[in-house]
Structures are given as C-alpha cells and as structure tokens.
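As the structure is a computational prediction, the values presented were derived from the model and not from experiment.
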Amino acid sequence: GQWRFTSFQDAAWQNRSPPYPMDIHPLLYPKDRNWLIEFNLPGGGRLLIPCIEFFSRCYGRSGEVKRVLATYPWDGPGDTATSRLFAPLDTPEEPGRWQVCLQKKMHNGDVVFLAHAKYDDYTRNVAKKVHSQLSASYDPTSVHPTFIKIGPWFQGPTELSVDGIPFDGDSFLGLRVRGMSDPGGSLVLRQRENSRNAENPAPDGSPEAWAGVPKRALVKHPEIINLTGD
C-alpha cells in the first residue's frame, strides 16, 4: 500500500491531478503513456520514478538480466528466462539457504535479485510479468511502442538514492536511480558457471576445474549499493 503505478494518461482518464507539474520536466505528449512508480514518503510527499528507469537500474546489476527478462518467457519449451539466468547447481539444495549458480554473462552483483527470483514467489511473479506484458501487447502490424508496468521486485523497506527534481515542497521526481539497498532475507550462496577462459585450459576428460572450490557466501549489507559504476 506504499506505492502505485501512475501516468499522465491514466491521471487524465481518472480525472486526477497529473503525477507532477509538466513544467518541471516537459514531455512531448501532455497525456504521456509511460508508467511511473509513485512511492509514499514518510514526510507526506511522493517520490516518482519512471518504470523503465527503475527496471534498468534496480533489476540486477548487469544488462544481461534485463535482456533475458524482456526477451524470453519465464518457463516452457525451448529457450526460457530460467535456463538463461540460472546455471545448474553443483551442490544439493539446503533448507534455509538460497543457492544460485550464475551464468557466464552475469555479474556477481546479480545474485541477490536472482536468488529472490528463484526462491521468492513475489519476485518470481514480478519478473515473469516483464516478458508477458511485452508478449501480450505485441502486434506485428503496429509500429506503436509498448508501455509496461514494472514495479519493485521485493516487499519490505528499502532505501533509494536518486537524482532528479523536487516539487510541491516534499515531493521528488527521480530521473536517475543512483543506488538501492538490498532486501533482507536468507543467506545467499553464490556459485559461478565455469567460463573455460583459462589461458591453458585442461584437456577434455580432466577433473572439473572448480571441483572442491568452496561456495562464496554473500552477506547482504544494509547500506545503499552504488549502481553508478555498473
């Protein structure tokens, strides 16, 4: 109940005030259809962030995660998001521990989002909607863009650091997300798929290169994770 979707077009249809004063950040269309996330702020104001900005900055760290979510259905026959996002584990599942084996193109920082997508029903359902919305709106005869809703991928408190424009005293239009704190949850154990990029790779049939290497445990810190570098 602390956030909702809004847009200039939706506000006009509902006879509500626009999300923010158009003069602080003019758009091409007065009834723009791009969706924004509207968060309630403790001081009584609102924080608005375009859905596409939130998606591109907060759904994992690498561009590969976003590409896979937008391109492939979550499951089913053929190529799927799950087969592209998760490599097979080399250890059995353990109760109370979330284990993720990252594919070669993933960044280590992707593991928190991917662990929630694998084990948390809420995150998994949100992740599925990225491709399903694009698929449902696809029309091969149309050249019009698609406007999809992409919201927060976990429940619970977090901290966001954003650049943008203040308005109406306590409200803020966030045009660039600089950082977001990770959610709380279970211990995440990170593995990586062997990239086979060794300078002198072992011949076929040799013992696995990473056999016996201990898993790396990620301890989620409460501070905001800086997204700018990635």
Side-chain angles (χ1 to χ4, degrees), residues 5 34-35 37 50-94 97-155 177 180 182-183 185-186 188-198 201-202 204-206 208-211 213 215-216 218 227 230:
F5 292 113
N34 287 284
W35 292 99
I37 312 171
C51 287
I52 299 302
E53 169 66 9
F54 191 87
F55 175 61
S56 66
R57 303 289 281 177
C58 300
Y59 275 53
R61 299 287 189 265
S62 68
E64 181 68 6
V65 170
K66 272 76 78 169
R67 187 190 73 81
V68 169
L69 291 177
T71 305
Y72 300 96
W74 187 255
D75 46 28
D79 270 343
T80 64
T82 52
S83 67
R84 293 268 178 167
L85 294 173
F86 305 105
L89 293 174
D90 56 17
T91 55
E93 295 279 5
E94 301 177 42
R97 291 189 172 189
W98 292 1
Q99 299 187 68
V100 175
C101 188
L102 298 176
Q103 297 275 16
K104 298 171 187 176
K105 295 182 180 180
M106 303 298 171
H107 293 184
N108 287 344
D110 291 325
V111 73
V112 175
F113 170 79
L114 293 178
H116 279 258
K118 181 178 178 181
Y119 293 98
D120 187 320
D121 290 341
Y122 182 87
T123 306
R124 185 164 52 253
N125 289 333
V126 169
K128 288 180 179 180
K129 290 179 180 178
V130 177
H131 179 268
S132 63
Q133 288 182 80
L134 291 169
S135 179
S137 61
Y138 176 66
D139 180 358
T141 66
S142 174
V143 296
H144 297 293
T146 295
F147 304 93
I148 62 176
K149 299 176 178 178
I150 301 178
W153 53 265
F154 62 91
Q155 295 176 300
V177 178
M180 184 179 74
D182 283 332
S186 301
V188 177
L189 300 178
R190 185 186 70 221
Q191 304 173 16
R192 288 203 67 92
E193 185 180 36
N194 192 340
S195 65
R196 299 181 66 85
N197 288 333
D204 290 340
S206 301
E208 292 185 12
W210 288 3
V213 175
K215 294 168 288 186
R216 296 186 60 183
L218 273 189
L227 304 179
D230 290 338

Chi angles and distances behind the side-chain contact (heavy atoms from CB on, under 4.5 Å) call for T91, Q191 | CA-CA 10 Å; T91 55; Q191 304 173 16; 3.0 Å; yes

If you round to the nearest 0.5 Å, how far is [atom2] of [Y] from [atom1] of [X]?
X	Y	atom1	atom2	value
Q133	I150	CD	CD1	6.5 Å
S137	H144	OG	NE2	12.5 Å
F55	W153	CZ	CH2	13.0 Å
W35	F147	CH2	CZ	11.0 Å
Q99	K118	CD	NZ	7.0 Å

Results of side-chain hydrogen bond (donor to acceptor under 3.5 Å, both in side chains) for [X] - residues two or more places apart only:
X	answer
T123	none
S56	none
N125	none
K66	none

Mind checking what makes salt bridge (charged side-chain N to carboxylate O under 4.0 Å, His left out) contact with D121, not counting sequence neighbours?
-> R124

So, does R84 use its side chain to make a donor-acceptor pair with the main chain of V68 at under 3.5 Å?
-> no

Could you tell me whether the side chain of S135 and the main chain of S132 form a donor-acceptor pair under 3.5 Å?
-> no

Under 4.5 Å between any side-chain heavy atoms of [X] and [Y], yes or no?
X	Y	result
Y72	R67	yes
P152	I37	yes
Y119	E93	yes
R190	L102	yes
L85	L69	yes

Looking at every non-hydrogen atom in both residues, tell me the closest pair between [X] and [Y] and how far apart they are.
X	Y	value
F113	A127	CZ-CB, 4.4 Å
Q103	R192	O-NH2, 3.2 Å
G151	V126	O-CG1, 4.3 Å
M106	V65	SD-CG2, 3.7 Å

Taking only residues two or more places apart in sequence or in another chain, which ones pass side chain to side chain contact (heavy atoms under 4.5 Å, CB included) with T82?
-> W74, T80, F86

Give a yes or no on whether K105 atom NZ has more than 12 heavy-atom contacts from other residues, nucleotides or ligands under 6.0 Å away.
-> no

Knowing that exactly one of L189, L89, V111, V112 qualifies, which makes a side chain to side chain contact (heavy atoms under 4.5 Å, CB included) with V100?
-> V111

Determine the interplanar angle of the H116 and W98 rings, folded into 0 to 90°, and report it as parallel if under 30°, tilted if 30 to 60°, perpendicular if over 60°.
-> perpendicular

Distance only, no hydrogens: is a donor on one side chain within 3.5 Å (strictly under) of an acceptor on the other, for N108 and R61?
-> no

